[in-house]
Amino acid sequence: MSRRIVASPTSWLIWGAVAFFLINLAGVIASVVVNSFGERWFDTWLPSGWTTQWYATAWTEFGLLNVMVVTLEVAVLVVGISVLVGVPASYVLARRSFPGRRLVYLLFLLPILMPPITYGIPLATVLYKYGFAGHLTGVVLANLVPSIPFVILTMTPFIEQIDPAIERAARMCGAKTWQIFARILAPLLVPGILAASILVLVRTVGMFELTFLTAGPDSQTLVVALYYSMSAAGIRAQQSVDAMAVLYTASMLVLLVIALRFVNPTQLVARVKEDPD
Amino acid sequence: SPNSGGGATDGPVPEKPDRAVTLNVLDVAGNLQLTQGMIDDFAARNKDQIEKVTYSKATAPELVGKVKAQQAADRVDIDLVLTGVDGLAAGIDQGLWNPLLPTHAARLPGMANYLPGAAAMQKLAGDHGVTVTYYPSGPLIEYLPAKVPEPPKTAEALLAYAKANPGAVQYARPSNSGPGRTFLMGLPYLLGDSDPKDPVNGWSKTWAYLAELNKYVTLYPSSTSETMKNLANGSAKIIATTTGWDINPRVLGTVPKEAAVGTLDGFHWVTDAHYAVIPRGVPVAKQAAILNLLKDMLSPEQQAKAYDKGYFYPGPAIKDVTLSMAPAESQQALAEFGRPEYEQLIADNPVEVPLDAKSLVAAFDRWDREIGGAKVKK
Amino acid sequence: MTGFDELRLDGVRRRFGGQDALAGLSLTIRRGEFIALLGPSGCGKSTALNCLAGLLPLSEGSIWQDGARLDTLPPEKRGFGMVFQSYALFPHLSVRKNIAFGLQMRRLPRDEVRRRTDQALSLVRLEEHAKKLPGQLSGGQQQRVAIARAVVLEPSLVLMDEPLSNLDAKLRLEMRTEIRRLHQTLGLTTVYVTHDQEEALSLADRLVVLRDGRVEQIGTPEDLHERPANRHVADFMGYRNLLPMKVKAVHGPVVAVEGSGLTLEGTAVGPLSPGDDVVAGIRPEDLHEGGSGVPVTVEVVEYQGRELAVEARTQSGDAVHLRAATRPAPGDQITVTAAPARVLVFPS
Amino acid sequence: MTGFDELRLDGVRRRFGGQDALAGLSLTIRRGEFIALLGPSGCGKSTALNCLAGLLPLSEGSIWQDGARLDTLPPEKRGFGMVFQSYALFPHLSVRKNIAFGLQMRRLPRDEVRRRTDQALSLVRLEEHAKKLPGQLSGGQQQRVAIARAVVLEPSLVLMDEPLSNLDAKLRLEMRTEIRRLHQTLGLTTVYVTHDQEEALSLADRLVVLRDGRVEQIGTPEDLHERPANRHVADFMGYRNLLPMKVKAVHGPVVAVEGSGLTLEGTAVGPLSPGDDVVAGIRPEDLHEGGSGVPVTVEVVEYQGRELAVEARTQSGDAVHLRAATRPAPGDQITVTAAPARVLVFPS
Amino acid sequence: MTRTQTRLAVRHRLAERGVDRQLWLLVPGLACVLALFVYPFAYGIGLSFQPAEGGVFGAYRAFFADAYQRDTIATTLSLSLPAAILNVAASVPIAYRMRGRFRGKRLLTTVLVVPITLGTVLTAEGLLNYLGPAGWFNRLLFFVDEPIRLTNNYWGVFFSLVITGFPFAFLLILSYLSGIDPTLERAAATLGAGRRQRFQRITLPLLAPGLATTFCLTFVLAFSVFPSAVLVGDPAGTTRVISIAAYHAAYEVYDYSLGSAIAVVMGVVELLVVAIVLGLRSLLYTGSTGGKG
Ligand SMILES: Nc1ncnc2c1ncn2[C@@H]1O[C@H](COP(=O)(O)OP(=O)(O)OP(=O)(O)O)[C@@H](O)[C@H]1O
Ligand SMILES: Nc1ncnc2c1ncn2[C@@H]1O[C@H](COP(=O)(O)OP(=O)(O)OP(=O)(O)O)[C@@H](O)[C@H]1O
Ligand SMILES: [Mg+2]
Ligand SMILES: [Mg+2]
């Protein structure tokens with residue numbers, strides 16, 4: 001009830017478990033970071049020398065500049081389209097009740113509930129069949145499948161929080177539907193849209209399966225390049241793969257930290273009511 | 001047709017494209033490490049034929065689905081595929097490749113100079129692929145002399161060593177690893193199996209041996225790098241390797257320089273090669289440029305680049321390409337990390353082509369079920 | 001102000017999923033009038049207001065403004081203003097921008113927007129708060145912004161949906177006077193929704209009492225207060241004692257009734273004859289202690305400033321509410337009487 | 001009921017981030033008493049209640065129950081019952097289970113739990129709704145569940161935090177009587193928080209008026225209603241006219257004051273001398289029309305059933321509120337007077 | 001006139017049931033889902049019924065007749081169910097303690113959520129490095145003779161599922177938990193319920209539907225595990241999950257029909273679990289968790 005952090009045995013246990021998890025997590029991350037800067041690292045605590053050459057190698061060997069540009073393009077397009085398509089849909093789902101609403105909601109939820117690989121293979125086949133796959137279009141289309149539902153899922157509670165009377169008030173002031181969207185709803189939804197965008201961005205950048213199945217020569221994203229570097233034929237220095245993984249994580253981390261600045265993580269699914277004391 | 005670059009996709013292939021084309025190269029075998037220099041060099045010298053080259057990499061399993069789907073959509077945007085035996089064979093099976101031979105044999109004079117092993121590998125390709133790089137591969141074993149002062153010399157000794165040191169012998173899951181599969185394909189020769197080319201009916205000794213060995217193997221990593229790392233950090237003592245995987249990781253620093261390789265008595269080299277293939281549906285103008293490129297790649301000066309840093313040691317597919325012709329970097333790396341004894345070993349031991357793709361998949365499947373998957377039941 | 005002379009609702013009906021939320025409301029609103037829609041929760045007040053505003057399409061009926069059909073126009077074309085229960089201020093816009101929003105939507109020139117916004121700000125005395133965001137204002141101030149935002153457009157009709165229900169008692173009283181003042185100053189035609197009969201009585205020129213989507217009575221505050229048309233309206237108008245009784249005798253408008261442990265004389269609402277089951281309605285302040293009335297037992301006594309509110313039980317166990325000047329103790333026996341003119345007898 | 005004779009709050013103080021939400025509340029609550037904490041929003045009422053319940057630790061001071069220190073006990077050990085403003089019913093439990101919850105926590109035998117729950121259900125007349133979930137009940141019914149849940153434990157003290165503020169006017173009135181009845185029937189000791197002075201007056205035996213975390217006055221309803229200790233309490237107690245004035249003359253308890261366009265005689269609250277700045281407090285119902293009083297101009301007239309509420313402006317432009325029996329028109333000039341005993345003069 | 005009136009009437013009738021022009025806003029989203037999800041999915045199902053041999057159900061028969069393939073279902077479930085349960089179960093007490101305001105909350109939340117950014121490869125590499133036989137973890141346990149094997153087996157994949165799944169579960173549960181009105185617990189406290197009882201009898205039941213949803217989402221995430229099952233697992237044996245089988249069939253054997261059939265089986269198994277959980281959820285109280293019920 002109070003703000004005292006009571007040191008009961010259970011809380012010791014829980015905080016202990018959290019600390020254990022975090023320490024090991026730090027170990028997992030640090031071992032990759034250290035390796036990516038190490039010259040040679042055999043049976044010792046730390047590498048025998050330090051270097052940044054692996055980053056240079058990774059950058060040139062995997063054509064990371066191009067990959068980064070593609071990743072950014074895909075991410076921006078996916079985020080943009082899924083927000084444009086998802087927000088109006090979540091508006092209707094949040095505000096209106098109509099016959100078949102539950103069915104529509106379920107339809108929007110299914111792509112999140114299904115593992116990407118279950119629909120990824122047929123999706124890739126279909127996209128190839130119509131000539132979309134193998135380049136940026138295909139990657140973007142495939143990534144929209146989980147992204148649009150994700151925007152809808154995160155935005156619906158956000159929209160529900162906005163008093164519908166506000167829209168009616170705007171209407172009574174003479175605003176048309178698009179004006180209501182542009183002048184009233186959009187500014188109010190900015191935090192939600194930002195949060196959803198960044199989460200979609202993180203998911204898209206990290207979405208391996210669908211991108212993997214639909215990417216072409218000029219449309220590989222970072223994860224796919226990363227996965228190839230690990231599993232495709234050929235010999236590569238472990239360290240440069242690690243360097244690439246570190247680059248990937250660093251960019252994602254920046255995004256996430258920005259996201260958390262804009263949105264309280266607890267606002268994702270429910271309206272927050274903080275304990276007053 | 002709506003394919004990239006435009007132009008007819010069948011009919012006679014001209015000498016040269018009328019104007020410079022863009023080539024999209026897909027590598028599913030890690031071949032660009034060896035040949036990108038050759039391609040770039042050719043492109044730089046032939047601006048009138050090649051405007052730009054894009055490279056991309058993929059895994060072999062994906063290749064077929066991708067090309068097939070593109071061909072179905074009549075929109076092929078992969079012009080040249082560099083692949084190993086697996087991708088090549090799968091593509092032949094599905095009829096994905098343009099037959100290059102014998103139609104264009106005259107335009108590829110370098111093919112007449114193949115090393116014997118490379119020539120054997122070229123037979124596997126039938127009329128569809130052109131061998132660009134070749135190496136005898138393995139199976140070899142690698143160890144740190146400090147930890148294994150007396151390495152086993154025979155397959156039986158290896159088994160005995162594994163028995164005496166559980167967990168010390170390691171090879172990666174064959175379907176994920178070149179050395180792993182070379183070891184698998186080399187065993188029938190070592191053990192004297194009835195039909196080394198028939199994993200289903202002719203490998204009884206091999207399967208028995210692997211099953212026995214399995215008792216003392218604690219894990220099968222999913223990549224060769226992992227076995228290399230384990231060798232380096234001491235958790236594995238003897239691992240399966242090939243010439244390339246012996247030299248290159250030591251150059252890169254994944255494995256200590258002092259690691260040594262050994263052979264098992266009576267082993268046959270199970271060779272490996274990379275091929276260039278052109279998918280159906282590529283415009284003839286591009287085909288022309290590719291043929292000219294391949295012709296150039298099969299010249300001794302270019303082939304010398306295949307020495308690389310020992311990645312596919314030795315690498316060249318044609319005769320009379322010596323290390324001294326290779327770029328300075330290669331020479332230097334191989335001077336430091338190379339093994340003079342390879343020359344002798346290559347000369348003294350018989351050379352065998354690997355399994356064809358179907359048999360190989362069958363072997364993998366059986367290995368997965370009976371060897372790798374056996375752990376589940378234990 | 002464009003204005004109109006008359007706004008006519010003609011059998012306006014609205015169904016939600018087969019159920020009538022509003023069942024045939026017919027009403028003529030004259031220019032400058034203050035109309036209150038009154039009724040218990042769920043009776044269809046907001047529905048009526050939203051239909052008028054155009055926020056809800058009608059299921060049946062029509063709305064006419066001086067002969068022009070109105071119900072087919074979207075809300076933004078009707079030119080009405082609306083004040084919402086929760087104010088519905090735009091939380092991301094300053095007070096000034098909130099008020100100016102409607103003017104901007106009409107694409108008025110900047111100067112005029114500024115001038116009229118200033119005017120509205122001073123009308124509701126919020127000049128100093130113009131730059132604040134709604135979240136930084138107190139409830140009463142927010143309410144004034146909501147009113148300013150609605151009236152700045154000089155709408156031909158202002159609609160208010162329980163605008164005071166979120167305020168505390170003291171502020172409610174003050175804002176009530178404010179609304180009345182604005183109405184008188186600007187001569188606005190107003191339709192006001194409330195469930196608080198005191199509010200309705202004190203503000204409106206005419207009241208419409210709704211129940212279950214149906215109109216129960218339309219009339220002036222005096223009409224409703226003194227002559228409720230039926231027991232439901234009476235209930236709502238503060239006739240807290242509604243006692244089931246039987247008619248004993250009828251003498252012109254005066255009837256003698258008996259039941260619930262009481263015997264009373266009252267004024268009949270509608271034709272009655274002896275033996276009818278009726279309900280007698282008496283306000284607590286009309287039921288007096290003392291005299292030769294009926295004996296009842298005091299149960300609960302509440303202090304209410306000048307007076308005491310007493311709940312007592314008749315011999316038949318029915319509860320009656322009355323006012324007392326001196327404090328009886330719970331358990332006391334007292335007698336109660338009521339003037340026949342103050343007792344209304346409704347058929348039940 | 002375990003019960004106590006006396007509960008003593010001794011300088012109870014609670015700070016939030018350096019600011020006093022409650023600044024030294026000392027109060028003795030006797031067994032069976034009904035105490036109301038009254039004050040405007042944010043004055044610290046809920047804070048006081050939560051301190052008493054043990055839901056908020058004190059910053060200073062102590063609470064004693066018959067000589068035993070209480071403020072160090074967690075809420076579940078104090079044995080008080082609480083009715084929350086939002087009821088805080090457990091939404092996943094049926095009405096019966098909600099009510100039984102506290103009894104089960106005490107690990108009473110099943111039979112007794114059942115018996116006492118049934119009793120409580122019939123006490124609040126919710127027998128038929130026992131199986132419903134709270135979400136299926138109306139506001140008034142929910143409120144009764146909340147009360148039943150608190151009293152079923154026969155707590156030595158019941159705390160209520162604005163339990164009626166979510167209800168509409170009519171229901172509020174009914175529930176008020178209900179609470180009073182329960183208090184009288186069960187003889188519960190009750191502390192009741194509200195910002196509605198009418199509610200406080202009608203329910204409580206004693207009132208505590210808070211302002212900014214400080215006690216302004218403690219007394220019986222009559223004390224507060226008739227003799228507010230200062231202008232803030234008066235403001236809260238319905239002295240709607242609070243006019244800044246100057247003392248002209250002092251005759252014992254009666255002072256003559258002038259200002260705001262009025263000249264009046266009133267009763268001094270505290271020592272005053274001529275020339276002092278004062279505030280004269282008059283209830284609207286004590287300011288009468290007619291007579292030889294001061295002339296004012298009618299501005300707003302509101303009908304309020306029997307009477308009319310009038311807002312008028314004095315010649316100096318100050319607003320005064322009064323009641324009238326006949327309807328003056330806005331703009332009329334009328335005169336107003338007030339009995340000196342009904343005019344309270346506070347030092348300002 | 002009458003035409004417009006009937007049109008008006010139809011519109012009103014539809015509007016009464018909640019159908020009006022605003023529903024057009026749904027169309028782009030629905031079109032995307034139908035074209036990009038439902039159609040391919042149906043196509044995949046169709047494909048699965050057209051195997052090269054064995055008739056309509058040949059591909060399914062091939063899958064279920066072969067123990068090695070069939071067992072992938074159990075393997076996947078044995079990985080994803082415990083991982084999802086652990087992720088949810090571990091998130092609850094942590095999130096429970098992180099309600100309310102306290103200093104450093106944002107930092108702690110951020111740190112707990114960081115693993116979302118790691119990606120499969122870094123997680124896999126990290127686990128191999130850190131938990132490997134010569135990794136830091138085994139070095140710290142120098143007192144144990146044999147290094148503990150935590151990679152290239154069940155545990156490696158399990159840990160990677162925990163690392164990637166936990167932050168999602170935690171974030172969701174934290175927000176569900178914040179949606180529960182804290183007054184309810186206070187009310188329970190005044191009724192004599194201690195800490196544990198408050199949690200068990202009030203918070204947990206109210207949280208349960210949220211837990212079910214979170215479980216489904218993390219389960220889905222874990223069930224579709226693919227890269228890490230290969231990278232840190234034992235893809236031929238203990239971690240031969242169903243997606244590996246699907247991938248193998250479609251991209252190594254080029255039996256698209258079998259690949260689609262396995263994908264369909266995968267979807268069905270998963271929907272089955274989700275349906276069971278959501279079915280149980282519907283038995284629970286779901287609705288507002290505010291004080292007014
Ligand atoms: N969107 C809707 N869908 C279904 N029924 C509705 C809807 N809006 C209102 N109703 C129903 O119509 C009836 C009238 O509702 P309305 O909101 O007009 O009542 P009200 O008089 O404003 O009540 P309150 O005083 O509680 O605001 C109620 O029974 C309500 O349940
Ligand atoms: N958790 C808190 N943190 C900081 N300040 C608080 C907190 N709770 C209350 N306060 C402050 O303490 C003061 C008293 O609050 P309290 O809730 O007791 O008021 P109240 O009299 O109950 O008001 P209301 O009638 O609005 O409920 C207010 O100024 C409030 O802002
Ligand atoms: Mg309403
Ligand atoms: Mg409060």
Side-chain angles (χ1 to χ4, degrees), chain A residues 83 87-88 91-105 155 157-197 261-264 267 271-274 276, chain C residues 16-17 46 49-50 52-56 73-94 97-108 113 117 120 133-135 142 145-155 157-163 166:
Chain A
V83 165
V87 171
Y91 173 81
V92 174
L93 288 173
R95 282 281 191 261
R96 307 295 312 279
S97 72
F98 52 90
R101 181 174 172 279
R102 288 172 71 93
L103 185 73
V104 171
Y105 203 72
M155 289 306 292
F158 256 99
I159 293 175
E160 278 169 353
Q161 281 179 36
I162 294 179
D163 186 357
I166 287 181
E167 288 154 40
R168 282 189 240 134
R171 210 167 263 285
M172 292 309 293
C173 286
K176 297 183 187 62
T177 304
W178 67 268
Q179 284 173 316
I180 292 175
F181 261 94
R183 308 252 333 227
I184 303 296
L185 285 177
L188 289 175
L189 288 178
V190 162
I193 291 178
L194 267 178
S197 303
R261 283 211 68 76
F262 280 109
V263 55
N264 189 337
Q267 249 160 1
R271 183 187 197 128
V272 184
K273 216 185 221 171
E274 296 228 302
Chain C
F16 284 112
S46 301
L49 207 66
N50 286 329
L52 203 46
L55 295 169
L56 267 182
L73 287 181
E76 59 267 27
K77 298 251 171 74
R78 299 193 186 186
F80 296 166
M82 186 148 172
V83 179
F84 291 83
Q85 172 167 1
S86 52
Y87 318 142
L89 299 181
F90 308 131
H92 60 301
L93 300 180
S94 68
K97 289 200 181 132
N98 257 284
I99 297 176
F101 184 83
L103 298 171
Q104 286 166 350
M105 288 298 112
R106 310 254 146 121
R107 305 192 183 291
L108 296 185
V113 171
T117 310
L133 289 179
Q142 289 185 26
V145 179
I147 295 177
R149 187 177 64 180
V151 302
V152 72
L153 295 172
E154 301 181 354
L157 178 68
V158 177
L159 306 164
M160 301 197 184
D161 194 353
E162 315 211 17
N166 279 353

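Source: prediction; values computed, not measured. Numbered from 1 within each chain, the chains take letters A, B, ... in sequence-line order.
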Closest heavy-atom contact between A:C173 and C:M105?
-> O-CB, 3.6 Å
Do the side chains of C:F84 and A:I166 get nearer than 4.5 Å, heavy atoms only?
-> no
Measuring heavy-atom distances to chain A, does C:L89 have an atom under 4.5 Å in its side chain, in its backbone, in both, or in neither?
-> backbone
Sorted by chain and residue number, the side-chain contact (heavy atoms from CB on, under 4.5 Å) partners of C:A150 (sequence neighbours excluded) come out as C:V83
Nearest heavy-atom pair of C:P91 and C:P134: which atoms, and what distance?
-> O-CD, 3.9 Å
ring-ring contact (aromatic ring centres under 6.0 Å, His included) involving C:F80 - partner list, sequence neighbours excluded = none
Option among C:V113, C:V145, C:L153 that satisfies the side chain to side chain contact (heavy atoms under 4.5 Å, CB included) test with C:I99 | C:V145
Distance-only check: which donor-acceptor pairs of chain A and chain C lie under 3.5 Å?
residue, atom, partner, partner atom, Å
A:D163, OD2, C:S86, OG, 3.0
A:R171, NH1, C:E76, OE1, 3.4
A:R183, O, C:H92, NE2, 3.0
A:R183, NH2, C:Q104, OE1, 3.1

